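To start, the structure itself, in structure tokens.
The model shown is predicted, which means the values in this text are computed figures rather than measured ones. As the structure lists them, so they are numbered: ligands from 1, and atoms in each ligand from 1.
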Amino acid sequence: MNLPEHIAIIMDGNGRWAKKRLLPRMMGHRKGSENLKKLINDCDALGLKHITFYAFSTENWKRSEEEVSNLMDLLREYLNDHIKNEKDNNFKIDFIGDMSRLAPDIQEKMLLVKELYSSHKGIFVHIAMNYGSRDEITRAVRKIADEVAAGEISPSEITEKTITDRLDTQGVPDPELLIRTSGEQRLSNFLMWQLAYSEFYFTDKLWPDFRIEDLMKAVESFNGRDRRFGGRNEVK
Ligand code: IPE
Ligand code: IPE
Ligand code: MG
């Protein structure tokens with residue numbers, strides 16, 4: 001089986017998972033976070049190189065104050081756990097998205113975890129936190145405009161690579177496969193530049209129920225796809 005180098009996952013359906021069990025939404029998020037930890041270890045064992053998870057979007061601030069604050073507390077817990085158990089984990093980790101809107105203690109923990117895990121040899125995990133593709137592209141455009149204004153590059157020198165190199169995902173290969181759980185079939189502002197030629201896989205499984213076996217089904221489906229990139233694969 002041909003394993004993609006990079007898989008991106010939209011972890012959706014925590015709320016519905018809880019609702020089905022008549023539990024508060026927060027319990028769904030908690031289960032979702034536990035599932036994330038487990039799946040990362042399973043993916044590391046599988047030999048994937050990169051995996052990106054959508055954890056909180058720039059639009060998720062629209063949720064109730066209570067839910068947002070619960071999610072931020074869960075993130076704190078998640079980061080603390082990573083700091084405490086650094087020795088038991090083999091993966092590398094970093095974060096994409098605009099960190100500046102997150103609480104200062106969260107930003108510090110993120111930087112610490114990234115640093116602590118930087119010498120690890122396993123899978124590279126990228127967590128999208130306060131991430132929105134439009135926001136990411138807007139920030140990249142602003143950087144380029146600053147460079148043009150400073151006379152460092154001229155507008156005619158701007159290429160696709162100029163943009164790619166100023167995104168949060170700089171240096172990371174584009175995901176070959178995108179998975180979204182919970183039955184929704186939309187991007188919700190996730191990696192729009194990077195997913196230009198990726199294969200999409202949608203499953204009805206809710207995120208807290210999504211296991212490595214489900215990921216393997218997605219990889220199997222990916223293996224059956226004819227990726228043409230605008231060209232033709234048939235022999236004339
Ligand atoms: C995904 O689960 C987690 C986040 C977006 C933070 P949801 O909370 O969106 O779950 P549903 O879509 O309401 O079931
Ligand atoms: C997308 O899920 C964002 C994350 C999974 C973090 P949402 O539940 O926020 O997306 P919509 O609102 O259904 O598009
Ligand atoms: Mg949702």
Given the rule that I, L, V, M, F, W and Y join up when any side-chain heavy atoms are under 4.5 Å apart, are Leu39 and Phe222 in one cluster? yes
Gly13: heavy atom below 4.0 Å from ligand 1, yes or no? yes
For the side-chain contact (heavy atoms from CB on, under 4.5 Å) test, which of Thr52, Leu36, Ile96, Asp94 pairs with Ile127? Leu36
Under a 4.5 Å side-chain heavy-atom rule over Ile, Leu, Val, Met, Phe, Trp and Tyr, are Leu22 and Trp17 clustered together? no
May I ask you to identify the nearest protein heavy atom to atom 5 (C) of ligand 1, giving residue, atom name and distance to one decimal place in Å? Arg63 NH2, 3.4 Å
Quick check: does Asp12 have an N/O/S atom under 2.8 Å of the Mg ion (ligand 3)? yes
Measuring from non-hydrogen atoms of Lys19 to any atom of ligand 1, is the shortest distance under 4.0 Å? no
Atom 10 (O) of ligand 1: nearest protein contact (heavy atom, Å): Gly15 N, 2.9 Å
Kindly determine whether Phe124 and His50 satisfy ring pair (Phe, Tyr, Trp, His ring centres under 6.0 Å), including the steps that lead there. CA-CA 5 Å; Phe124 204 153; His50 293 271; 5.7 Å; yes
Among all protein heavy atoms, pick out the one at the shortest distance from atom 1 (C) of ligand 1; state its residue, atom name and that distance to 0.1 Å. Met11 O, 3.1 Å
Polar contact flag, side-chain donor to acceptor under 3.5 angstrom, Asp98-Asn130: no
Take Arg76 and Asp73 through the salt bridge (charged side-chain N to carboxylate O under 4.0 Å, His left out) test and state the conclusion after the steps. CA-CA 5 Å; Arg76 280 190 181 88; Asp73 283 343; 3.0 Å; yes
For Trp61, does the six-membered ring have the charged nitrogen or CZ of Arg101 within the cation-pi criterion, i.e. under 6.0 angstrom from the centroid and within 45° of the normal? yes
So between Phe190, Tyr54, Phe53, whose heavy atom ends up nearest atom 3 (C) of ligand 2? Tyr54
Heavy-atom protein neighbour under 4.0 angstrom from atom 12 (O) of ligand 2: no
For atom 14 (O) of ligand 2, what's the nearest protein heavy atom and its distance? Ser188 OG, 2.6 Å
Top protein contact for atom 6 (C) of ligand 1, by heavy-atom distance: Ala55 O, 3.4 Å
Taking only non-hydrogen atoms of Arg186 and a 4.0 Å limit, the atoms of ligand 2 in range are 11 (P), 13 (O), 14 (O)
Does the plane of the ring in His126 sit parallel, tilted or perpendicular to the ring in His6? Use 30° and 60° as the thresholds. tilted
Go through it in stages, so that I can follow the logic: the residues are Arg16 and Glu184, the test is salt bridge (charged side-chain N to carboxylate O under 4.0 Å, His left out), and I'd like the CA-CA distance, side-chain angles, deciding distance and then a yes or no. CA-CA 12 Å; Arg16 277 162 284 171; Glu184 309 303 340; 2.9 Å; yes
Give the ring-plane orientation class for Tyr117 versus His82, where under 30° counts as parallel, over 60° as perpendicular and anything between as tilted. parallel
Do the side chains of Ile51 and Phe95 join up, straight or via other hydrophobic residues, at under 4.5 Å, putting them in one cluster? yes
Is Asn60 close to ligand 1, meaning an N/O of one under 3.5 Å from an N/O of the other? no
N or O contact, Phe56 vs ligand 1, cut-off under 3.5 Å: no
Where on Arg180 is there a heavy atom closer than 4.0 Å to ligand 2, on the side chain, on the backbone, on both, or on neither? side chain
Just which atoms of ligand 1 are under 4.0 Å from any heavy atom in His29? 3 (C), 8 (O)
Distance under 4.0 Å to a non-hydrogen atom of Ile10: what atoms of ligand 2 satisfy this? 5 (C)
Geometry only, no angles: is Arg16 polar-contacting ligand 1 at N/O separations under 3.5 Å? yes
Can you find a side-chain donor-acceptor pair between Trp193 and Thr164 that sits under 3.5 Å? yes
Could you check atom 2 (O) of ligand 1 against the protein and tell me its nearest heavy-atom contact, residue, atom and distance included? Asn14 N, 3.2 Å
Just which atoms of ligand 1 are under 4.0 Å from any heavy atom in Asp12? 1 (C), 2 (O), 7 (P), 9 (O), 10 (O), 11 (P), 12 (O)
